[in-house]
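Everything on this sheet refers to the single structure shown next.
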Amino acid sequence: MSQNEQDFIKAVRHPGGDGIDLAPLMTRMREWLASLGQALEAGRIGSEGLRPGSALALRIEAIHRELQEQQRHRQQQWQALAPARALAQHFEGKVMLLVFGKFNAGKSSLCNFLAARFARQGQAVQYFHLEGGQILASAQAFHEGATETTARLQGVCLGDGLVLLDTPGLHSATDDNAALTQRFLDSADGVLWLTSSTSPGQVQELDELARELRRGKPLLPVVTRSDVIDEDEVDGEIVKLLRNKSDANRADQEGDVYARAADKLRTLGVALAQLKAPVSVSAHVARTQGEDAQAMAAAGFDRLYAALLGLLGPALSYRQRKPGEVLLHHLQEEVLAPMQAHTLPALAALQHAVQAERESLPTRQARIVQLAWREIIPGLPALLEQHAPAGDVRAVCDALAQQSGLALARHAQAVLEGHVLALPEAIRIEAPANGYEPVGEDLPVSYEKLYAALDQAVLTLLEQQAAALVQHCDEQLEALAQAVRRKQDIIHQGQHSLAAIDRDLRGTVQADALAH
């Protein structure tokens, strides 16, 4: 056994890394959620002044429904993570590494190989799997095959301090497998990314790990099946032999995988410090060549143990803050992210619609006046003739006022169909001076002047009343716009305060590490 293997086995016996008090930060996160919920409820957008079923009212209702659906969904997600939290609690004090990779990447083979090495050194090895949310011990090692063989989350405890989680491939054709893997990602403290040497560095796989990597978990790429089949002559016969790939070939593949992974992590916004140097291994060659020190080193396992030793520190750092990370990421991904992705765009669209509605009001006001005036004025001559014998200008004005009120209400409700209107109870037209009186001692009554005066009086009345209606609508829209801005501010302020908690969580771990 190499020194690196001995050191790694010794290191995982007592991984340490306990003692950080996360209670204050956990309290802040719970208070953040409660405060955000209260602020959102207090800042609920009302639809006063809008007709039920109007375009703006429907937008407001849709935002309220979306927020309610988000709350329901995040509660379900938190409950769905209960098995992952239980898994982390069950293995509290141990370092948990997620063995991740496309199916047929050799996950089960590597886990079995490492388990066998621990067992050879007298370390306890216990396989397990999850069934119905329960952790059940397994008597047998993981099945190894050329197709997807992991239909359930399974793992193996190595010694007293290390757990390997062998999960269904995230690229599995079985949707349940992928969902199961995602659910238990929270339990891991670090990631072993297995990529086969037959097609190494398929970095699109890292998209599935973007969330975990952004959480600060270290990533160690492992190039598996780093071997080739050669032909050789044995006793006069040509036989096929499995050999390690050359050092030069492995170095080229490792360099390529690192470069590809680094570029991918940059696009994902992940710190490159989390990416460890790739290591190439061949469990099959090590087994067939007896697993002695020379065979293990030639198969890449001496370097793998050294890399795993380097992975322990960052993994322990994550494990220290894991309870806080789990809650924080729930708040980031299930509370804040949906609001950023759905609520804020919906609020922006509502704000734009409100502004467009306000900008349309002057045109609508003119339209109301035009429609009402065109309805009333054609009947004015007949009205004048009707009341001419009695010379009752007051009766003409009252009739015009009544007609104007009805026409104004009808056309305003049609043109401002989305608004609840504050219509005047009664309107009045003042009678023009010298109504039916002769304009001069020897001149007849000037119907033309009376007609013109009444025409202008009706127009002025309609303009005044329409302006009052539109002003009321504009005031209601301004209040709505302010409510939308308040809602946007609540979400933005929540984003800033949660980012501060995020920084403080990592700062707490760093400060503790420096103190020790």
Side-chain angles (χ1 to χ4, degrees), residues 1-13 94-129 138-150 154-159 161-167 169 188 190-198 200 220-229 242-245 250 253-254 276 278-312:
M1 181 171 61
S2 71
Q3 187 62 49
N4 283 333
E5 185 175 4
Q6 292 181 43
D7 291 345
F8 177 67
I9 292 176
K10 180 180 179 181
V12 297
R13 287 178 188 166
K94 302 179 188 295
V95 176
M96 301 180 68
L97 299 180
L98 178 70
V99 183
F100 165 83
K102 186 178 177 181
F103 72 86
N104 204 25
K107 300 187 297 294
S108 297
S109 296
L110 182 63
C111 289
N112 286 339
F113 187 86
L114 294 176
R117 296 298 300 180
F118 266 71
R120 284 191 181 188
Q121 306 307 318
Q123 299 295 307
V125 172
Q126 179 61 66
Y127 288 91
F128 65 89
H129 64 274
S138 303
Q140 297 179 338
F142 300 151
H143 179 71
E144 301 175 24
T147 58
E148 176 74 81
T149 58
T150 308
Q154 58 185 4
V156 58
C157 297
L158 304 181
L162 180 64
V163 179
L164 301 179
L165 293 176
D166 179 22
T167 61
V191 180
L192 302 182
W193 173 41
L194 273 57
T195 178
S196 175
S197 68
T198 57
L220 173 61
V222 180
V223 182
T224 60
R225 296 181 175 146
S226 187
D227 45 49
V228 292
I229 297 177
L242 190 66
R243 303 185 189 279
N244 291 306
K245 287 190 174 181
R250 285 182 169 181
Q253 284 196 330
E254 289 170 1
K276 307 304 176 183
V279 180
S280 297
V281 297
S282 174
H284 293 294
V285 173
R287 282 171 177 160
T288 58
Q289 294 185 359
E291 297 185 31
D292 58 23
Q294 183 178 355
M296 290 288 289
F301 281 91
D302 192 42
R303 293 178 60 228
L304 176 62
Y305 284 118
L308 289 172
L309 272 169
L311 191 71
L312 279 181

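- With S138 contributing its side chain and Q140 its backbone, the two residues share no donor-acceptor pair below 3.5 Å.
- Looking at heavy atoms from C-beta onward, I9 lies in side-chain contact with Q123 at the 4.5 angstrom threshold.
- Using a 4.5 Å heavy-atom cutoff, the side chains of V125 and L158 are in contact.
- The structure places CZ of F100 at 11.5 Å from CG of L192, a figure rounded to the nearest 0.5 Å.
- S280 and E254 are linked by a side-chain donor-acceptor pair at a separation below 3.5 angstrom, with hydrogens and angles left out of the test.
- Looking at M1 and M296, their side chains never come closer than 4.5 Å, going by heavy atoms from C-beta outward.
- Of all heavy-atom pairs between Y127 and C111, the closest is OH-O, 4.4 Å.
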>> Using the rule given for side chain to side chain contact (heavy atoms under 4.5 Å, CB included), can you reason through S197 versus Q253, listing the C-alpha separation, both sets of side-chain angles and the distance that settles it, and then say yes or no?
In response: CA-CA 8 Å; S197 68; Q253 284 196 330; 3.4 Å; yes
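- Within the 4.5 Å cutoff, the side chain of V12 has heavy atoms near those of the F118 side chain.
- Not counting sequence neighbours, D292 has no partner by the side-chain hydrogen bond (donor to acceptor under 3.5 Å, both in side chains) test.
- In this structure, the side chains of S108 and Q154 come closer than 4.5 Å at one or more pairs of heavy atoms.
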>> Run the side chain to side chain contact (heavy atoms under 4.5 Å, CB included) test on V281 and V223 for me, step by step, so that the C-alpha distance in whole Å, both residues' side-chain angles and the decisive distance to 0.1 Å come before the verdict.
In response: CA-CA 6 Å; V281 297; V223 182; over 6 Å; no
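- Atom CZ of residue F301 and atom CG of residue N4 lie 13.5 Å apart, to the nearest 0.5 angstrom.
- Between A141 and N112, the closest heavy-atom pair is CB-OD1, 3.4 Å.
- In Q121, the CD atom is crowded: over 12 heavy atoms of neighbouring residues, nucleotides or ligands sit closer than 6.0 Å.
- Between V285 and R243 the shortest heavy-atom distance is CG2-C, 3.9 Å.
- Looking at every heavy atom in both residues, G300 comes nearest to V279 through O-CG1, 3.8 Å.
- Under the 4.0 Å criterion applied to side-chain N and carboxylate O atoms, E144 and R287 are assigned as salt-bridge partners.
- For residues 109-125, the set of pairs meeting the salt bridge (charged side-chain N to carboxylate O under 4.0 Å, His left out) definition, not counting sequence neighbours, comprises E5-R117, R117-E291, R120-E291.
- With hydrogens and angles left out, the side-chain atoms of N244 and R250 include a donor and acceptor closer than 3.5 Å.
- Remark: L164 CG to L98 CG distance equals 10.0 Å, nearest 0.5 Å.
- With T224 contributing its side chain and G106 its backbone, the two residues share no donor-acceptor pair below 3.5 Å.
- Interatomic distance, CG of D7 versus OH of Y305, reported as 12.0 Å (0.5 Å rounding).
- A heavy-atom distance below 4.5 Å is found between the side chains of L97 and L311.
- Of the candidates L304, V99, L308, L304 is the only one forming a side-chain contact (heavy atoms from CB on, under 4.5 Å) with V222.
- Annotation: side chain of L165 is in contact with side chain of M96 (closest heavy-atom distance under 4.5 Å).
- The two residues L309 and A11 have their closest heavy-atom pair at CD2-CB, 3.8 Å.
- Distance OG/S109 to CZ/F142: 11.0 Å, rounded to 0.5 Å.
- What you find for V163 and C157 is that their closest heavy atoms are CG2-SG, 4.1 Å.
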